[in-house]
There are 2 protein chains.
Amino acid sequence: MSNNNVMRIQDLKQACKSCSLRDLCLPLGISPNDLELLENIISRKRPVHRGDVLYQAGHPLSCLFAVRAGCIKTFIITDDGEEQITGFHLPGELLGLDAIIHDVHPCTAVALETTSVCEIPFDQLEELASHTPSLQHQLFRIMSRELQSDEQLMLLLGKRASDARVAAFLLNLSDRFGQRGFSRREFNLSMSRIDISNYLGLAVETVSRMFSRFQTDGLVEIDRRLVTILDVDALQEIAGIRTPNDQQSMRQSDTHS
Amino acid sequence: MSNNNVMRIQDLKQACKSCSLRDLCLPLGISPNDLELLENIISRKRPVHRGDVLYQAGHPLSCLFAVRAGCIKTFIITDDGEEQITGFHLPGELLGLDAIIHDVHPCTAVALETTSVCEIPFDQLEELASHTPSLQHQLFRIMSRELQSDEQLMLLLGKRASDARVAAFLLNLSDRFGQRGFSRREFNLSMSRIDISNYLGLAVETVSRMFSRFQTDGLVEIDRRLVTILDVDALQEIAGIRTPNDQQSMRQSDTHS
DNA sequence: CGATCGCTTGATTCATGTCAAGCTAGGTGG
DNA sequence: CCACCTAGCTTGACATGAATCAAGCGATCG
C-alpha cells in the first residue's frame with residue numbers, strides 16, 4: 001500500500017498520447033486534436049485489486065472501461081446461478097459495450113489481478129464520437145472485433161474437442177500477449193484453472209489433464225501459472241489451426257451443401 | 001417466377017418510413033429528416049432464394065444487409081472445413097457488422113428461404129452516421145444487441161445440456177417471431193435439423209430426439225418444420241429460464257467466490 | 001414409380017463429466 | 001521455526017450423456 005500514491009500520480013500523468021496501448025485501444029488513428037478531446041473525458045483510476053468488481057450485472061451503464069494493465073474477466077450469470085465467463089480482457093481492450101442496448105450491464109466484470117483501467121463515461125464518449133468521425137470509426141471497429149472474437153469462441157464451444165479448446169486458449173493468450181509487446185513464449189495465467197474451464201465449457205479436471213498431456217508431450221511447460229510454449233506448430237495442429245505451410249495445400253472453397 | 005416482377009416493384013416502393021420493421025431495424029428513433037437521408041443510401045434488392053449467398057467469408061466488406069423478410073444464416077468456416085453457424089437472422093436484423101474490423105467478411109451469409117434484404121453501403125452509412133447522432137446511437141445499440149445475443153449463445157454452448165439448448169432455441173425463435181408480430185405459439189422453422197444441430201453444437205440425431213421427447217411430453221407439436229408451442233413454462237424450465245413466479249423466490253446475489 | 005434427401009429411431013461407443021483421493025504451495029498460529 | 005490448514009490443482013476410477021453407427025421411414029422430385 002505504500003506505493004499506492006506513487007502509482008496514482010503516475011497514472012494520472014499518463015495520457016492516451018503517451019500510452020503504450022494507443023494502437024490497440026480507442027486512440028488508434030485519431031488525430032492529435034481529437035485525441036486531446038478524448039483524453040479530457042477519460043479518467044484514470046488507481047489500480048483495482050484481485051477480486052474487485054468493476055461493474056455488476058444489472059447495474060446501469062455509466063462508463064466503459066479500458067484495461068491498461070492487468071486482466072479483467074467478464075461473465076454472465078443465469079437465474080439459477082450458473083456463470084459463463086465471456087472473456088478475459090487484456091490491456092488495450094474495452095469493456096462494457098454489451099451494455100449499450102439496454103443501458104444495463106448484462107455481465108459482471110471482476111479483476112483477476114492488480115489491474116489499472118481507464119474509465120470513460122459512455123454518453124460523453126458517444127457525444128464526442130458524433131463530432132469525431134475517426135473516433136466513431138474506431139468504436140465501430142472495436143465492437144466489430146468483439147463480435148468476431150465471440151464467433152471464434154462459439155466455434156470453439158460448439159465444435160471443438162477438449163484438447164483443441166485448451167490449445168486454442170493457450171495460443172490465443174500467447175498471441176495477445178505478443179501483440180502487446182510481451183513474450184509469446186512465456187507468460188503468466190492470471191486466471192485460475194476453474195476460470196479457464198468455465199470459459200472453455202469444460203470441467204476443471206479436463207483442463208488439468210490437457211495441461212498435463214501437453215506437458216508430457218513436450219508441447220508446453222506449465223509450472224503453476226507460468227506457461228512456456230515449446231511447440232507452437234503442434235499446438236496449432238491440435239487447435240485446428242493449420243500451420244502456414246499446410247494452409248496453402250489444405251485450402252478448399254465451395255464445399256457447403 | 002411469374003410474380004417476380006410484382007415483388008420487385010413492391011419492394012422498391014417500400015421505404016423505411018413505411019416499413020413494418022422500423023422499430024427493430026436501423027430507423028428506430030431517427031427523425032423524419034434523417035430517415036430520408038438514410039433511405040437514400042439504402043437499396044432494396046429483389047428477393048434472394050434458398051441457398052443464395054449474400055456474401056462469402058473472405059470477401060471485402062462493401063455493404064451491410066438488413067433482413068426484411070425471410071431468414072438468413074451466417075457461419076464461419078475453419079481451415080479444415082468445419083462450419084459453425086453463428087446466427088439465424090430474422091427480419092429487422094442487420095448483417096455484416098463483424099466485417100468492419102478487417103474490412104473483410106469473416107462469415108458467409110446464405111438465405112434459408114426466399115428472403116428480401118436491404119443493402120446498405122457501409123462507408124456511406126458510416127458517413128451519414130457521423131452527421132446523425134441518432135443513427136450513430138442506433139448503430140451502437142444494434143452492435144451491442146449482437147454482442148449480448150452472442151453471450152447468450154456462449155452460455156448455451158458452454159454450460160447447457162442438449163435438452164436445454166433445444167428448448168432455449170425454440171423459445172428464442174418464438175420470442176423473436178412474437179416481437180415481429182407473428183405468432184409466438186406457431187411458426188415455421190426455415191432451417192434444417194442439420195442447421196439447428198450445427199448452431200447448437202449437437203448432433204442431428206440429438207436434436208431430433210429432443211424434438212421427439214418434447215413432443216411425447218406434450219410440450220410442443222412438431223410436424224416437419226411447423227412448430228407449435230404447447231407448454232411455454234415447461235420449456236422455460238428445461239431451458240434454465242425460470243418462470244416469472246419462481247424468479248422472485250430464486251433470486252440471490254453476491255454468490256461468487 | 002423409383003431415387004433421393006431429410007429426418008427419426010435404436011444400438012453401441014467414447015469422450016468428458018463426476019466422484020474421490022491425494023498432492024503442493026502458501027499462509028497462519030502455536 | 002515448525003506443524004497444520006486450506007485452496008488450488010492433479011490424478012485415478014467410474015458413470016453417463018451425447019456422438020457415432022446403422023437402419024428404416026416418409027415426403028418430394030424427376
Side-chain angles (χ1 to χ4, degrees), chain A residues 50-51 73 82-85 110 112-113 156-170 188-217 220-227 238-240 256-257, chain B residues 1 49-51 73 82-85 110 112-114 156-170 188-217 219-227 238-240 256-257:
Chain A
R50 185 175 146 68
K73 74 168 171 181
E82 246 177 336
E83 289 178 12
Q84 169 71 42
I85 295 178
V110 174
L112 290 175
E113 57 186 287
L156 219 58
L157 293 174
K159 293 279 165 303
R160 299 307 201 185
S162 57
D163 56 350
R165 298 189 200 189
V166 175
F169 173 75
L170 291 174
N188 252 290
L189 301 174
S190 40
M191 66 293 290
S192 68
R193 303 289 195 267
I194 294 180
D195 284 338
I196 297 171
S197 67
N198 180 306
Y199 179 66
L200 296 176
L202 299 170
V204 203
E205 292 92 331
T206 306
V207 172
S208 187
R209 274 185 254 270
M210 290 306 139
F211 278 0
S212 301
R213 204 181 88 190
F214 292 167
Q215 185 148 9
T216 56
D217 291 355
V220 296
E221 205 174 288
I222 301 183
D223 175 30
R224 198 139 180 77
R225 295 204 173 173
L226 180 68
V227 174
I238 292 171
H256 68 277
S257 56
Chain B
M1 287 291 162
H49 298 101
R50 185 174 145 70
K73 74 168 173 182
E82 245 176 336
E83 290 179 12
Q84 169 71 42
I85 295 178
V110 175
L112 290 175
E113 56 185 289
T114 301
L156 218 59
L157 294 174
K159 294 278 165 303
R160 300 305 201 186
S162 57
D163 57 350
R165 296 189 201 190
V166 175
F169 173 74
L170 291 175
N188 253 290
L189 300 173
S190 40
M191 64 294 289
S192 68
R193 303 289 195 266
I194 294 180
D195 284 337
I196 298 171
S197 68
N198 179 307
Y199 179 66
L200 296 176
L202 299 170
V204 204
E205 293 91 332
T206 306
V207 173
S208 186
R209 273 185 254 271
M210 291 304 140
F211 278 180
S212 301
R213 205 181 87 191
F214 292 167
Q215 185 148 10
T216 56
D217 292 355
L219 310 184
V220 296
E221 205 175 289
I222 302 183
D223 175 31
R224 197 137 180 78
R225 294 203 173 174
L226 180 66
V227 175
I238 292 170
H256 69 276
S257 56

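Values below: all heavy atoms of this structure, side chains included; hydrogens, waters and symmetry mates excluded. All chains are named by letter (A, B, ...) in the order of the sequence lines, taking the proteins before the strands, and each is independently numbered beginning at 1.
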Could you tell me whether [X] contacts a base, only the sugar-phosphate backbone, or nothing, with contacts defined as non-hydrogen atoms closer than 4.0 Å?
| X | answer |
| --- | --- |
| B:Ser212 | sugar-phosphate |
| B:Arg165 | nothing |
| B:Ser208 | base |

Please state how far atom [atom1] in [X] lies from atom [atom2] in [N], giving the value in whole angstrom units.
| X | N | atom1 | atom2 | answer |
| --- | --- | --- | --- | --- |
| B:Leu202 | D:dT20 | CG | C1' | 14 Å |
| B:Glu113 | C:dG6 | CD | P | 16 Å |
| A:Asp223 | C:dT24 | CG | C1' | 11 Å |
| A:Arg225 | C:dT24 | CZ | C1' | 14 Å |
| B:Met191 | C:dG6 | CE | P | 15 Å |
| B:Lys159 | C:dT18 | NZ | P | 11 Å |
| A:Leu200 | C:dT16 | CG | C1' | 14 Å |
| B:Phe211 | D:dA18 | CZ | C1' | 16 Å |

Nearest to the [X] side chain among [options], which nucleotide is it?
| X | options | result |
| --- | --- | --- |
| B:Ser192 | C:dC7, D:dT20, D:dC9 | C:dC7 |
| A:Glu205 | D:dG8, D:dT11, C:dC7 | D:dT11 |
| B:Ala203 | D:dC9, C:dC7, D:dA19 | D:dA19 |
| B:Ala161 | C:dG6, C:dA11, D:dA18 | D:dA18 |

Can you check whether [X] reaches [Y] side chain to side chain, under 4.5 Å on heavy atoms?
| X | Y | value |
| --- | --- | --- |
| B:Met210 | B:Arg165 | no |
| A:Arg225 | A:Ser192 | yes |
| B:Ile222 | B:Phe214 | no |

Considering all heavy atoms of both residues, which atom of B:Gln215 and which atom of B:Glu221 are nearest to each other, and what is their separation? NE2-CG, 3.9 Å
Which heavy atom in B:Arg213 sits nearest to a heavy atom in B:Asp163, and how many Å separate them? NH2-OD2, 3.1 Å
Position toward the 5' end of DNA chain C (nearest nucleotide), A:Thr206 or A:Arg224: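 Whichever sits nearer the 5' end wins; that is A:Thr206.
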According to a strict under-4.0 Å criterion, is B:Arg193 in side-chain N/O contact with OP1 or OP2 of C:dT8? yes
Strictly below 4.0 Å: does B:Arg209 bring a side-chain N or O up to OP1 or OP2 of D:dG17?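 No, B:Arg209 has no side-chain N/O under 4.0 Å of OP1/OP2 on D:dG17.
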